[in-house]
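Okay, structure first, notes after.
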Number of protein chains: 2
Amino acid sequence: MAKHTTSEAGRPKTIEPRLRQELEELVAEMCKALNEPKRLMVLYALAERPRSVGELAAYLDAPQSNTSQHLAVLRDRGLVDVERRGNRVIYSLRYPKVIAAIDLLREVLNEEIGRQHQLRSA
Amino acid sequence: MAKHTTSEAGRPKTIEPRLRQELEELVAEMCKALNEPKRLMVLYALAERPRSVGELAAYLDAPQSNTSQHLAVLRDRGLVDVERRGNRVIYSLRYPKVIAAIDLLREVLNEEIGRQHQLRSA
DNA sequence: CACGAATATACGCCAGTACGAATGTCCGTG
DNA sequence: CACGGACATTCGTACTGGCGTATATTCGTG
């Protein structure tokens, strides 16, 4: 393991970049769960109410296996709750804050689209 | 300003999935800009103050070309502003809301980490 | 105008990932 | 306990994205 070269310089105001990198890694991992349109649709669908896999597959107009794969990603990231109900498996949204975060990004998107439109018409 | 998506009572609760898919595609594109630790670090660094490419490269402890590539992604997504100052190019954060969104995800991350810890100790 | 510093881009390589098809697993029912 | 339905997982393939190396571009300076 390579040691840090300048570890004894005075403490900078920002935290050690190495640690910072690992921290951001975790956030990035969470963002990776959100960079897929179908997964976003799933999250919004679950924000309304819990749904079964088949329901979500129909909603996405995607094959069952594909839907299950996307749900597995969200499950591994801990973004959804799972509950077995008889023959089916019901998924639900665990953190409403995730929707709030995406909504914020959507607002930014709106501003940006307006900006681009403004540039074109100038 | 940003229009409020008032949940109009007469409308169907969900919009056409086809259109919805395209909308989410755009949001997903924006998330793709955030799913890279170094890009997140860049955004936070720019949230403090505008910085040049060399400065950011040093901060990331990454080669110049790599830094430029990441900046190109942020630039293409419209998340940063660019200004040429003499020999250098100064980047700055365009939308503070992006930081707010990431902070929200960070909160979710904290809850999730606490949750996992709790599960392990049970 | 030649030169060097700062930044951007092109290219090839490798890892990661979404997808469909096929298969495995769990559950309720007859 | 055999069968079918709902869901999960595996596998091979095609695509995408990040990286380093090398090269191009832009600008200040002598």
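By convention in this document, chain letters (A, B, ...) are assigned in the order of the sequence lines, proteins followed by strands, and residues within each chain are numbered from 1.
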Practice item. Starting at CG of L71(A), measure out to CG of L46(A) and round the result to the nearest 0.5 Å. Key: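 Spacing of CG (L71(A)) from CG (L46(A)) equals 7.5 Å.
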Quick check for you: to the nearest 0.5 Å, what is the distance between D103(A) atom CG and L109(A) atom CG?
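Going from the CG atom of D103(A) to the CG atom of L109(A) covers 12.0 Å.
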Q. With a 4.5 Å limit on heavy-atom distance, are the side chains of L34(A) and V98(A) in contact?
A.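 Yes - at least one pair of side-chain heavy atoms lies under 4.5 Å apart.
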So which protein N/O to nucleotides 5-10 of chain D N/O distances come out below 3.5 Å?
| unit_1 | atom_1 | unit_2 | atom_2 | d |
| --- | --- | --- | --- | --- |
| dG5(D) | N2 | N87(A) | OD1 | 3.3 |
| dC7(D) | OP1 | V53(A) | N | 3.4 |
| dC7(D) | OP1 | V89(A) | N | 3.4 |
| dC7(D) | OP2 | G54(A) | N | 2.9 |
| dA8(D) | OP1 | Y91(A) | OH | 2.5 |
| dA8(D) | OP2 | S68(A) | OG | 2.5 |
| dA8(D) | N7 | Q64(A) | NE2 | 2.8 |
| dA8(D) | N6 | Q64(A) | OE1 | 3.4 |
| dT10(D) | O4 | Q69(A) | NE2 | 3.1 |

- Is the distance from OP1 or OP2 of dC19(D) to the nearest side-chain N or O of H70(B) less than 4.0 Å?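 Answer yes for this pair, as a side-chain N or O of H70(B) is under 4.0 Å from OP1 or OP2.
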At less than 4.0 Å, is any side-chain N or O atom of K38(B) found next to OP1 or OP2 of dC19(D)? Yes or no.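 So the side-chain polar atoms of K38(B) do come within 4.0 Å of the phosphate oxygens OP1 or OP2 of dC19(D), strictly under.
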Upstream residue (5' side of DNA chain C) when R39(A) and R85(A) are each assigned their closest nucleotide:
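Its nearest nucleotide being more 5', the pick is R39(A).
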- request: Would you mind checking if E24(B) and R106(A) are paired as a salt bridge, meaning a charged N to carboxylate O distance below 4.0 Å?
  value: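 Looking at R106(A) and E24(B), the cut-off is met.
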So, for A45(B) and L56(B), which heavy atoms are closest and what is the spacing to 0.1 Å?
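Residues A45(B) and L56(B), closest heavy atoms: CB-CD2, 4.1 Å.
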For E112(A), the option from R94(B), K97(B), R77(B) that meets salt bridge (charged side-chain N to carboxylate O under 4.0 Å, His left out) |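 Only one option passes, and that is R94(B).
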request  = Following the transitive rule for hydrophobic clusters with a side-chain heavy-atom cut-off under 4.5 Å over Ile, Leu, Val, Met, Phe, Trp and Tyr, establish whether L93(B) and L104(B) coincide in one cluster.
outcome  =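 No, because L93(B) and L104(B) fall into different hydrophobic clusters, even though each may have its own neighbours under 4.5 Å.
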Between the two ends of the helix from dC1(C)-dG30(D) to dG30(C)-dC1(D), what is the bend in degrees, rounded to 10 degrees, where each end axis spans five pairs?
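Its terminal axes enclose an angle near 20°.
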